[in-house]
Amino acid sequence: MTFLGMPVTAPRGVGHLRGDQPFPEAAREALGNSQLRRNLRHATTTIRGKSGRVIAELPDWQQLRDAGSAIKADVMSRLPELLEQLEERVTAAGGVVHWAADANEANAIVTDLVRRTGSERVIKVKSMATQEIGLNEALEAAGITPVETDLAELIVQLGDDKPSHILVPAIHRNRSEIREIFLRAMPGVDPALTDDPPVLAAAARRYLRETFLSTKVAVSGANFAIADTGTLGVVESEGNGRMCLTLPDTLITVMGIEKVLPTWGDLEVFLQLLPRASTGERMNPYTTMWTGVTPGDGPQNFHLVLLDNGRSAVLADPAGRSALHCIRCSACLNVCPVYERTGGHSYGSVYPGPIGAVLSPQLTGVADNASLPYASSLCGACFDACPVKIDIPSMLVHLRNKVPHPPAERAAMAAAARIMNRPRLYASAQRAAKMARIVGRRGRGLPPPLSGWTAGRDLPEFPKQTFRDWWAQREQP
Amino acid sequence: MSSRDLILGRVRAALRDAPVVAAVPREYRPAGTNRADLEVLVDRLVDYKAEVYRVTSAEVAATAARLAGEGGAVLVPPGLPGEWRPEGAYADENLTPDRIAEAGAVLTAAAVAVAETGTIVLDASPDQGRRIITLLPDVHVCVLRPDQVVASVPDAIARLEPGRPLTWISGPSATSDIELNRVEGVHGPRHLHVLILTD
Amino acid sequence: MRIAFFATCLADTLFPEAAKATVRLLERLGHEVVFPFEQTCCGQMHINTGYQKEALPLVKRYASTFDPYDVIVVPSGSCAGSIRHQHAMVASAYGDAGLAARSESVAARTYELSELLIDVLGIEDVGAYYPHRVTYHPTCHSLRMIRVGDKPLRLLRKVRGLDLVELPGAEQCCGFGGTFAVKNAETSTAMLADKMTSIVSTGADVCTAGDTSCLMHIGGGLNRLRTGVKTVHLAEILASTEYS
Ligand code: SF4
């Protein structure tokens with residue numbers, strides 16, 4: 001095996017996988033923002049209810065999850081052959097396949113393809129992969145204007161904001177904030193705009209119509225690609241996806257290498273899992289599937305960019321690779337008590353919430369996102385919600401074991417383990433630990449980080465006698 | 001080394017533990033489990049704000065013309081059955097987007113409909129036309145024959161031909177982007193009318 | 001039945017009443033309880049903080065201490081979860097195949113209290129009397145890691161004098177999470193605040209659960225706010241009788 005063939009993590013200095021500050025610091029700001037907390041609570045409660053109801057309609061939801069999980073594991077185990085098959089089928093159907101080892105290469109490929117069309121603007125369908133690699137910034141640097149057409153993306157783009165959810169990037173905004181953003185930043189908007197959701201949606205429709213019809217190039221992601229047919233699919237709601245995938249002359253799709261599925265028949269599983277787990281619908285309003293180029297219908301130039309950007313590094317860890325099974329439904333975010341209170345920006349990466357806490361550190365290497373595996377109480381709600389049964393809690397524990405630990409913590413943990421491995425020493429430590437007297441119930445004498453816990457809670461009264469001593473006394477005749 | 005070889009090499013290296021995976025358990029309801037139930041389809045279509053009409057073939061043209069509204073012309077794909085074609089309708093013969101967008105309604109057939117999810121699938125056959133014609137007009141009128149209705153997603157996947165451009169439509173265009181509630185009417189047609197044939 | 005008792009380091013040190021109650025309850029039901037002195041801690045804190053290697057001696061210690069027994073009870077869903085779902089993993093990563101097999105075998109004989117009572121001893125009515133208004137918080141690890149389901153509720157429903165009130169949003173995490181409450185203390189506090197609001201809304205005088213760790217967290221918050229609601233381990237309620 002050559003050195004060049006070793007899996008590598010996503011490069012620094014490009015894209016959006018690393019935050020500026022550790023999670024606890026970023027979370028502090030969010031926790032203090034009561035508007036954000038209300039918006040998130042409202043939105044996640046709504047989606048949990050909707051999703052729960054449509055999942056309950058299917059008698060075979062668990063069996064579908066089992067199948068989805070197993071299909072993904074199978075894909076990972078034979079990824080090279082499936083990618084080669086996909087490439088062959090897409091090419092045979094008139095598409096052009098490109099391979100991008102990392103964000104920089106993917107951005108260069110897309111920029112070059114757009115330049116060659118002569119277009120100075122591209123329309124975009126919401127895509128996690130292109131957010132991950134920072135494609136918009138790269139296009140802008142090359143003088144090309146990317147226009148986000150998904151409503152939530154548009155809200156984020158017009159608000160000069162960052163996405164905070166993988167499905168609804170503007171989940172942190174409520175209707176009146178959206179109205180204000182539109183009034184401020186949407187050219188030609190009706191000044192009498194109200195905050196009624198249908199009115200806001202209609203404003204987006206009017207604003208983007210002309211852009212859809214006059215832009216010659218679109219950039220999309222893909223929810224799946226079928227190896228045995230070369231078919232790609234985008235699952236969406238608004239019709240902006242259909243616009244981008246149908247109207248332009250040229251379509252460029254950027255897709256992570258893990259999104260491939262073996263056969264056309266496998267779609268019967270994922271098209272049932274995804275809508276119910278994500279938007280809580282029996283089926284999302286629109287799904288477009290295309291195979292290469294269809295003469296006379298839709299884009300006549302189709303490019304598929306297959307992206308690694310750290311995915312091979314994730315794949316290299318047997319205990320972490322199932323993070324690549326993710327179908328980006330966002331169910332784990334919607335049930336996560338930490339996400340609900342801290343919001344997506346606290347995670348610093350385009351992938352927030354439970355899946356972000358395991359995927360981002362693996363894509364970048366754990367050292368670059370060392371606080372994320374700890375951004376969870378390990379409550380397990382994500383695992384139960386995940387349509388492809390990714391055991392996120394176990395993976396968090398696994399990643400914590402790989403994170404570089406602070407030396408003081410390491411010393412304390414080693415000392416604690418040593419004491420706990422010597423029952424006599426342990427028993428005398430218990431007796432000596434009349435901490436209550438030293439630190440007080442409010443824990444003022446505790447050193448950080450333990451003082452953080454006692455900031456909001458009282459320590460229990462220290463018992464007069466440990467259980468062990470009680471038992472020993474009781475045994476005495 | 002090309003990036004292709006580089007990536008494939010990395011992926012092979014990542015899999016050097018040669019993971020053994022179990023056969024995929026397919027215990028879920030496969031295609032053919034249930035008979036399609038038209039009532040379920042209607043219920044689901046209506047739930048997602050599509051409007052449903054039961055008509056005979058002879059009534060299709062007049063119904064479509066009415067749904068196109070006063071003065072709105074009906075756009076049809078070139079292969080639409082002649083009997084369905086309303087008077088004054090115009091066919092898509094490589095029309096420009098503007099000509100397509102100005103239609104009062106577009107009238108098409110469909111390939112398959114999924115009862116359980118309230119979904120209609122178009123496969124760009126001559127009676128459905130290019131994808132663009134069902135995208136730009138504000139009203140889409142879609143005719144379904146009862147034998148095109150299947151019970152579930154696996155039934156639909158089994159019937160469809162993957163090489164064709166496919167559009168799965170479940171209700172009019174909608175968004176969940178504002179406070180995660182479904183709101184109808186964004187970029188696609190804001191009105192979806194489904195005509196189920198009774199003959 | 002002869003039952004080996006794993007008290008857990010937290011109950012042993014800080015909440016001996018919960019441990020004593022487990023013993024009293026099982027003895028009252030006619031069983032022999034043994035407390036092997038070699039026991040200390042299951043190592044969960046180490047494992048969940050990212051110190052699996054350091055936890056290995058504790059994993060080993062648990063396996064060797066309890067291997068001689070057929071039935072082991074632990075009054076904590078969280079420790080039971082670690083023993084069942086993490087010990088063999090740590091053993092195979094840092095120990096050897098023999099230890100992993102032994103860990104797995106001991107784990108299969110380790111039961112959380114409500115599991116022991118209902119699944120092994122086949123009893124729902126333990127003859128308890130507890131005249132209080134009580135709400136039950138199903139801790140995350142009891143609920144989703146070892147999946148005790150409604151077993152604790154079935155036991156509580158049979159307690160005489162007990163007025164069981166449903167906790168809104170019961171399945172939501174209280175925010176403890178061990179190392180999480182330390183490293184992300186503020187988020188943890190925000191979660192705890194919502195849990196306390198739910199608890200107080202029930203009008204219960206007592207909040208019970210099967211984990212001393214979560215109870216310590218919830219109790220610490222309830223006490224700080226002087227809500228007057230007490231936290232009491234499930235074992236203590238089940239051990240109470242009219243005469244004690
Ligand atoms: S990890 Fe699972 S639940 Fe979370 S987004 Fe991915 S598929 Fe959905």
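It should be emphasised that the depicted structure is a prediction, and the values quoted were computed from it without experimental measurement.
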_Does A:M289 form a side chain to side chain contact (heavy atoms under 4.5 Å, CB included) with B:L160? I'd like the steps, not just the answer._
CA-CA 11 Å; A:M289 299 177 190; B:L160 290 164; over 6 Å; no

Please assess A:R276 against B:T117 for the test side chain to side chain contact (heavy atoms under 4.5 Å, CB included), listing each intermediate value before the final yes or no.
CA-CA 10 Å; A:R276 291 183 201 250; B:T117 60; 3.8 Å; yes

Euclidean distance, [Y] [atom2] relative to [X] [atom1], rounded to 0.5 Å:
X: A:L307; Y: B:S3; atom1: CG; atom2: OG; result: 11.0 Å
X: B:S176; Y: A:L167; atom1: OG; atom2: CG; result: 7.5 Å
X: A:M283; Y: B:R44; atom1: CE; atom2: CZ; result: 12.0 Å
X: A:W264; Y: B:I157; atom1: CH2; atom2: CD1; result: 4.5 Å
X: A:R242; Y: B:I132; atom1: CZ; atom2: CD1; result: 10.5 Å
X: B:Y28; Y: A:L273; atom1: OH; atom2: CG; result: 9.5 Å

Exercise for the section: Decide side chain to side chain contact (heavy atoms under 4.5 Å, CB included) for B:L8 and A:W99; before the verdict, give the C-alpha distance in whole Å, the side-chain angles of both, and the deciding distance to 0.1 Å. Expected result: CA-CA 10 Å; B:L8 288 171; A:W99 300 74; 4.0 Å; yes

Worksheet item: Would you call A:K126 and B:D177 a salt bridge, taking side-chain N to carboxylate O under 4.0 Å as the test?
Response: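 Salt bridge flag = no for B:D177 with A:K126.
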
Is it the backbone or the side chain of [X] that comes under 4.5 Å from a heavy atom of chain B, or both, or neither?
X: A:L315; value: both
X: A:L306; value: backbone
X: A:A100; value: backbone
X: A:T149; value: backbone
X: A:L247; value: side chain
X: A:R206; value: neither
X: A:A93; value: neither
X: A:N284; value: backbone
X: A:T229; value: side chain
X: A:I178; value: side chain
X: A:E105; value: side chain

Could you have a look at [options] and say which one has the most heavy-atom pairs with chain B under 4.5 angstrom?
options: A:T288, A:L79, A:L151, A:L245; result: A:L151
options: A:S237, A:G298, A:P198, A:G241; result: A:S237
options: A:A313, A:P59, A:P80; result: A:P80
options: A:L83, A:T44, A:V269; result: A:V269
options: A:A101, A:P169, A:G296, A:G68; result: A:A101

What heavy-atom pair brings [X] and [Y] nearest, and what distance separates the two atoms?
X: A:T231; Y: B:P162; answer: OG1-O, 3.6 Å
X: B:A174; Y: A:P285; answer: CB-CG, 3.9 Å
X: A:T294; Y: B:P165; answer: OG1-CG, 3.5 Å
X: A:A70; Y: B:P25; answer: CB-CD, 3.4 Å
X: A:A201; Y: B:G185; answer: CB-O, 3.7 Å

Any side-chain heavy-atom pair of [X] and [Y] under 4.5 Å:
X: A:R205; Y: B:D138; result: yes
X: A:M76; Y: B:V21; result: no
X: B:E179; Y: A:T46; result: no
X: A:D308; Y: B:R10; result: yes
X: B:V186; Y: A:N240; result: no

Residues in side chain to side chain donor-acceptor pair (under 3.5 Å) contact with B:S152, at least two apart in sequence or another chain:
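With sequence neighbours excluded, B:S152 shows a side chain to side chain donor-acceptor pair (under 3.5 Å) to B:D155, given in chain and number order.
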
Tell me if a side-chain donor or acceptor on B:S173 pairs with a main-chain N or O of A:E238 at a distance below 3.5 Å.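 Here the side-chain-to-backbone pair exists.
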
Side chain of A:Y286, backbone of B:T167: donor and acceptor closer than 3.5 Å?
no

- Task: Please say whether more than 12 non-hydrogen atoms of neighbouring residues, nucleotides or ligands are located less than 6.0 Å from CZ in A:R209.
- Result: yes

Which of [options] touches chain A most, by non-hydrogen pairs under 4.5 Å:
options: B:D5, B:I7, B:T119; result: B:I7
options: B:V114, B:D98, B:D47; result: B:D47
options: B:V20, B:T175, B:L135; result: B:L135
options: B:L136, B:N94, B:L122; result: B:L136
options: B:R12, B:R29, B:E27, B:E184; result: B:R29
options: B:A124, B:G118, B:P189, B:A158; result: B:P189

Check your understanding: Which is it for A:D297 and B:R131 under the salt bridge (Lys or Arg N to Asp or Glu O under 4.0 Å) test, yes or no, and what are the steps along the way?
Key -> CA-CA 7 Å; A:D297 186 351; B:R131 285 174 284 172; 3.2 Å; yes

Hey, mind stepping through A:V97 and B:R4 against side chain to side chain contact (heavy atoms under 4.5 Å, CB included) and telling me if it holds? CA-CA 10 Å; A:V97 177; B:R4 178 185 191 276; over 6 Å; no

Determine whether B:R26 and A:D60 satisfy the following criterion, salt bridge (Lys or Arg N to Asp or Glu O under 4.0 Å), listing intermediate values before the conclusion.
CA-CA 10 Å; B:R26 299 199 188 251; A:D60 53 353; over 6 Å; no

Scan side-chain atoms only and decide if B:Y48 and A:E281 contain a donor-acceptor pair under the 3.5 Å cut-off.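 The criterion, which ignores hydrogens and geometry beyond distance, is not satisfied for A:E281 and B:Y48.
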
Original post:
Tell me, side chain or backbone of B:T96 under 4.5 Å from chain A's heavy atoms, or both, or neither?
Top reply: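 For B:T96, no heavy atom lies under 4.5 Å from chain A.
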
